[in-house]
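Below, chain A is the first sequence line, B the second, and so on; all start at residue 1. Worth saying up front: this structure is predicted, and the values here are computed from it rather than measured. Just the heavy atoms: all of them, side chains too, but no hydrogens, waters or symmetry mates, feed the values below.
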Amino acid sequence: MQVVTWNVNSLRARMAHLLRFLDEVSPDVVCLQELKLTDDLFPAKVLREAGYPHLVWWGQKNYNGVAMLSKHPIDAPQKGIDDGGDRSQSRLIAGTVNGIRIIGVYAPNGTRLGSEPFAFKLSWYDRLFEMIASRHRPSDPIILCGDLNIAPDDPDVWDPFRCDGILLCHPLERERFQRFLDWGFVDPFRERHPFANTFSWWDYQQMGFQRNHGLRIDHTLLTAPVDARCSEVTIHANVRGWTSPSDHAPVSVTLS
DNA sequence: ATGGTGGAAAGTCCA
């Protein structure tokens, strides 16, 4: 089983790329972020015809928006962090596929250090952790994937000196990421490639992709029983080179 | 010095 996460930066603008990717890679499950459309505009019919009959989506006007596409049934679908807190931003979609709880998220960017959106990012992460830790054990099969908007360590950034302490690389953000690892999640990419400077996002500006000025902020965290089945982690960086691309590449995990 | 690019949408906001 192959599971993909991809921030498409507008589903409507990226529909041709998505269909091409589905055709070329044929993953079992796809978690999408930044749909940037309302629920009524979600292209369910086209995606069903593309081989993904099982769909869950939670859109929002202009910003955010998440979806899960699957070849297999999606049990216990969930939209948002169901803790009674803020639901104004569509940032989480979850479902159980073939016994694995798959949680796809679009973490807040944070905008600027010290800003209100930055505080929202930190508290959103606290809520996400609480949601998972309060209802799961590390021995449960879980995939936590998405645009986490955190580059966890120096090898995850194009220039550790220039990126030191900036947004997406700040200690307060890295603490939030580390908390999931301390709880029991594994970062299978870093586990298999300890020193690789491989990125999942490149800025549109100043030839970011051409100069490989990128960050690894899209992740596929696995609990131990899923990691034990994980044969491959692929960052599909070639997709970032397609004409008029998303600024994020898809990331996939392959399970035996 | 507050830019550069891209997407929402029709003036800015967000990333």
Side-chain angles (χ1 to χ4, degrees), chain A residues 5-21 30-43 46-47 57-67 80 86-93 104-125 128 145-152 156-159 162-170 172-174 176-177 199-219 235-251:
Chain A
T5 176
W6 189 12
N7 180 327
V8 291
N9 186 18
S10 170
L11 183 53
R12 280 175 289 178
R14 223 63 64 202
M15 203 56 195
H17 281 201
L18 176 61
L19 293 172
R20 176 177 170 189
F21 181 80
V30 182
C31 295
L32 299 178
Q33 301 94 38
E34 279 211 89
L35 306 182
K36 293 186 174 180
L37 48 70
T38 48
D39 280 338
D40 55 307
L41 295 174
F42 187 80
V46 178
L47 293 172
W57 64 93
W58 188 29
Q60 184 182 327
K61 189 175 168 64
N62 296 352
Y63 304 115
N64 308 318
V66 284
D86 179 78
R87 294 190 63 79
S88 65
Q89 302 185 21
S90 303
R91 295 188 175 277
L92 180 145
I93 201 108
V105 300
Y106 173 45
N109 168 280
T111 308
R112 272 174 285 104
L113 294 180
S115 66
E116 189 145 335
F118 187 73
F120 179 84
K121 179 178 193 174
L122 299 180
S123 68
W124 184 89
Y125 260 105
L128 177 66
C145 63
D147 175 1
L148 297 192
N149 264 319
I150 298 174
D156 303 312
V157 307
W158 63 278
D159 185 334
R162 286 206 204 196
C163 296
D164 184 37
I166 68 171
L167 189 72
L168 312 184
C169 306
H170 191 274
L172 287 171
E173 296 167 294
R174 288 177 167 177
R176 296 312 193 278
F177 185 90
F199 313 126
S200 67
W201 171 88
W202 298 260
D203 204 315
Y204 284 126
Q205 301 179 117
Q206 303 188 316
M207 314 268 281
F209 184 61
Q210 291 84 341
R211 298 200 286 175
N212 200 27
H213 290 188
L215 304 174
R216 193 172 70 95
I217 57 177
D218 301 270
H219 302 284
I235 301 180
H236 301 262
N238 62 304
V239 173
R240 181 62 176 80
W242 292 354
T243 304
S244 230
S246 168
D247 44 354
H248 296 255
V251 182

Could you list the donor-acceptor pairs under 3.5 angstrom formed by side chains in residues 202-211 of chain A, with sequence neighbours left out?
residue	atom	partner	partner atom	Å
A:Trp202	NE1	A:Asn212	OD1	2.9
A:Asp203	OD1	A:Gln205	N	2.8
A:Tyr204	OH	A:Asn9	ND2	3.0
A:Tyr204	OH	A:Pro245	O	2.9
A:Tyr204	OH	A:Asp247	N	3.1
A:Arg211	NE	A:Gln206	O	3.2
A:Arg211	NH2	A:Gln206	O	3.1

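- Contacts of A:Arg91 classified as side-chain hydrogen bond (donor to acceptor under 3.5 Å, both in side chains), with partners at least two apart in sequence or in another chain: A:Asn64, A:Gln89.
- Every residue two or more places apart in sequence or in another chain was checked for a ring-ring contact (aromatic ring centres under 6.0 Å, His included) with A:Tyr63, and none qualifies.
- With sequence neighbours left out, the side-chain hydrogen bond (donor to acceptor under 3.5 Å, both in side chains) criterion links A:Asn149 to no other residue.
- Nucleotides B:dG11 and B:dT2 are separated by 26 Å at their P atoms, to the nearest Å.
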**OP:** Could you run through nucleotides 6-15 of chain B and give me one letter per nucleotide, 5' to 3': B if any protein heavy atom sits under 4.0 Å from the base, S if only the sugar-phosphate is that close, - if neither?
**Re:** SBSS---BSS
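- Separation of the C1' atoms belonging to B:dA10 and B:dG6 is 16 Å when rounded to the nearest angstrom.
- Residues passing the salt bridge (Lys or Arg N to Asp or Glu O under 4.0 Å) test with A:Asp159, sequence neighbours excluded: A:Arg162.
- B:dA1 and B:dT12: their P atoms are spaced 25 Å apart (whole Å).
- Ring planes of A:Trp158 and A:His213: parallel class, angle under 30° (limits at 30 and 60°).
- Between B:dG3 and B:dA9, the two P atoms lie 24 Å apart (nearest whole Å).
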